[in-house]
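Letters go in sequence order (proteins before strands), and every chain restarts at 1. We use all heavy atoms of the structure for the numbers below, so side chains are in, but hydrogens, waters and symmetry mates are not.
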Amino acid sequence: MTVLLEMRNIHKTYPNGTIANRGVHLEVHEGEIHALVGENGAGKSTLMKILFGLEAPTSGEVYYKGSPVHFQGPRDAIKHGLGMVHQHFMLASSLTVSENIVLGDEPRKGPFGLFRDRGKEIQDIQSLVDRFGLKLDPNAVVEYISVGQKQRVEIMKVLYRGAKLIILDEPTAVLTPQETDELFDSLKTLVAQKYTIIFITHKLREVMEISNRITVLKAGQTIHTMLTKDTNKEEISRLMVGRDVLLRVEKKEQVLKETVLELRDVHANDAKGFPMLKDVSLAIRGGEIFGIAGVEGNGQRELVEVITGLIGATGGQVLYFNENILGKSIGQIRNMKIAHIPEDRQTTGACLTSTIEENLILDVYDHPEFRFGPFLRKKKLKEFAKVMMTTFDVRAASEETLAGSLSGGNLQKVVIAREIAKNPKLIIASQPTRGVDIGAIESIHREIVKRRDQGAAVLLVSAELSEIMSLSDRIGVLYNGELVAILNNTDDLTEQEIGYYMLGIKKAEKEVVPRES
Amino acid sequence: MWLNVWAQIADLTIIAVLLRCMTPILLAAIGGLISDITGVTNIGLEGLMLVSAFTSIAVSAASGNWMVGVVSGVLICVGMSYAMAFFHIKLKVDIVITGFAMNIFGSGATIFLMSKLFQATGSYNPSNLDKIPVVNIPFIENIPYVNKLFSGHSLMVWIAFLAVLFCFIMLYRTPYGVHLRAIGEAPDSAKSLGIPVGRLQYSAMAWSGVFVGLAGSFMSMGMTSMFVKDMTAGTGFLALAVVLLGNRNPIGVLIGSIIFGLAKTFETIFQTIPNSPVPSQFVQMMPYVVTVLALVVFAIRKQNRQKKGLVAPAAAKS
């Protein structure tokens, strides 16, 4: 058993201060399937970027076959026998399977190697197909093959270039169970032939099924590396989500009011038509923060977008004070005192090329008090913006500063100021503190809790379990588009408990009764 | 009148006219195709054709050699497309703006030079111009009907057909061509495999210049023997439509060119019939009506295919 790849004490701090890796160790043995698990934001992708030379580590070393290496990029890495299969395919869809596989390294013939040697191309690919059992038709056009086959093309691309260490980034996210089984068979064939595989995932069932060893990352650190046969799902999930510190936020005694938002059997698809929400029912009352926990990509985004009118539902009802708001325009919904803090402040939340003032007035500029016939009352709007900036502690040179030049925390405060200033009855907050500094997190949390104390209903979606647990009154867990549990956030509720639901290990046996709290 | 039209169809005159009408569209479309496939849509075909048409007739008249004329027309087009590529790729100017600048330049510069060099305002007719030669094939030229098919066409007609073959072989049978097709569709993927995207786009624009240059020189020295201001009259845009309609492949482009060529052919035939009952304005509309219809058909087909594409993966997933 030889060590093929070793990454020692990797640290990575991005220029904007985000720390992605703080001491990662990874040791991969030749001929094994090594699972790299961790939540979103645990530092898995940064680690791989560092390995492939796409990012430079702040400190730490990479050893490959015993000697220190520093790859200059994917091309360089592949020359040394490392290949990566990305979650999002990088294929030219009008080209054939074989054209995609050999792209950039075509077998040539004729004078000056001017022509493609298509015979050899097909032959080479066929021999790879025979060797690894990856069934593919080399002449099929990529556009018309299935997702599973596209993934095989990606794997073949890497194999064709002679990679011996193959990294698969969440390869099963797009596959059907049958395709997953086929993939696993091919991976086993590969490993039997001395190939080494790093398998990045957060699906524990697959980790247990396919891997030899497991490295768990959490918050940019290696928590543990262990043999798969010595562990179990519960232990891994505890290592993945377990946290030490819980930010506590002062909350007043809850005063529940009437039901503000109610979802009844809501179904929705994502942009590609895949069902992302299935039968979601919940009710939120005034004076309550309802947290949505879940591993990202389990329907949180669709849930928020259905309620705010950004996408349509394929079934069910969304009731706001007992009125169905499905099918209403985004503008109509916004005017019903529903605030939306979108998960991506840079594209959805704010206009980066406009000033702070312009971003702040987006919701009010057409109100009568800011208008003089068809014209804007610039002075009044400026005053309004200034007041908002002081109230919400937006730190910038002036209201004329471009939103794009603000730090994450300050930009988020602008978004929150705009949304909350209209005294909403319902606040939909999606990842409200993602990528902002501690100080801003505190003030954003205080603002959300203040609104709850004043009687607003809050739907809080966050990838940070600690945030959900410190703010919410009740917690719903989304797994695979289903609301698998609704839990009261009592003191004896642990992160592990929620983690079991998030990873699909546990499912509430009893029928979830959404209207009780 | 219908009899007159039928007579021209029956004695295959229509084929001769068709070949003449479709050649500039086909050549320009091949040029448009090669750059379009790499993700750089050359809107400037129209302007490039004008520049080439003017240059080649002027040089040919001055030198007395058609070949020198054609070559100089092509070279200047290659240079101009290369400049467009420089603006678009290096200086990041939007390709649509670059293309329109080229069109405006092409129209303006040729009119300006025509008046400065030849003191001509509307058109320039050099006397004893050495035109692109007509290929008469011995024996065949004496066989009735067959001669209309194969003999008596301009050399450029044959070059146009060769261009289709050349383009096909280049795009599908050489690694270079596969790279060209890959960079238009998945530039990031190509880049990660070490394919120099920018450099290939430059080369594609240069090829574009070659074929558009040929198209331009045929307009002034094959179809006609003069340069008329703005004589391309939308041929470059027709060619762009052909590229899309032909589904971005050389065979499709050939078929598209035949369709548009036919529209132009009927326009020509109807116009030459004495006392035609159809107003000439309607006849002149035909190529453009065909363009609109063809693009509508194309859009509907594409939409249907996309719908199918959406259904397929979802079905695979469930």
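To the nearest 0.5 Å, atoms CD1 (B:I37) and OG (A:S94) are separated by 7.0 Å. Distance CD/B:E185 to CG/A:L95: 6.5 Å, rounded to 0.5 Å.
The environment of B:F237 atom CZ is dense: over 12 non-hydrogen atoms of other residues, nucleotides or ligands sit within 6.0 angstrom. For A:R301, the CZ atom sits in a loose shell: 12 or fewer heavy atoms of surrounding residues, nucleotides or ligands are nearer than 6.0 Å.
Proximity to chain B at a heavy-atom threshold of 4.5 Å picks out A:E99, A:L103, A:G104, A:E106, A:R108 from residues 98-111 of chain A, in numerical order. Below 4.5 Å, heavy atoms of chain B meet heavy atoms from A:K157, all part of residues 150-159 of chain A.
Your options are B:G177, B:P175, B:A186, and the one with the most heavy-atom pairs under 4.5 Å with chain A is B:P175. The most heavy-atom pairs under 4.5 Å with chain B, out of A:R118, A:R116, A:H86, come from A:R116. In terms of heavy-atom pairs under 4.5 Å with chain A, the best-connected choice from B:V178, B:I183, B:I195 is B:V178.
Under a 3.5 Å cut-off, the side chain of A:R75 and the backbone N or O of B:S192 do not form any donor-acceptor pair.
Proximity to chain B is limited to the backbone of A:L91, based on heavy atoms less than 4.5 angstrom apart.
Contact between A:A92 and B:A182 at its shortest, heavy atoms only, is CB-CA, 4.2 Å.
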Practice task
Could you give me the CA-CA distance, side-chain angles and deciding distance for A:F115 and B:I169, then say whether side chain to side chain contact (heavy atoms under 4.5 Å, CB included) is met?
Solution key: CA-CA 9 Å; A:F115 294 98; B:I169 291 176; 3.7 Å; yes

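Contact check for A:M90 versus B:L193: no side-chain heavy atoms found under the 4.5 Å cut-off.
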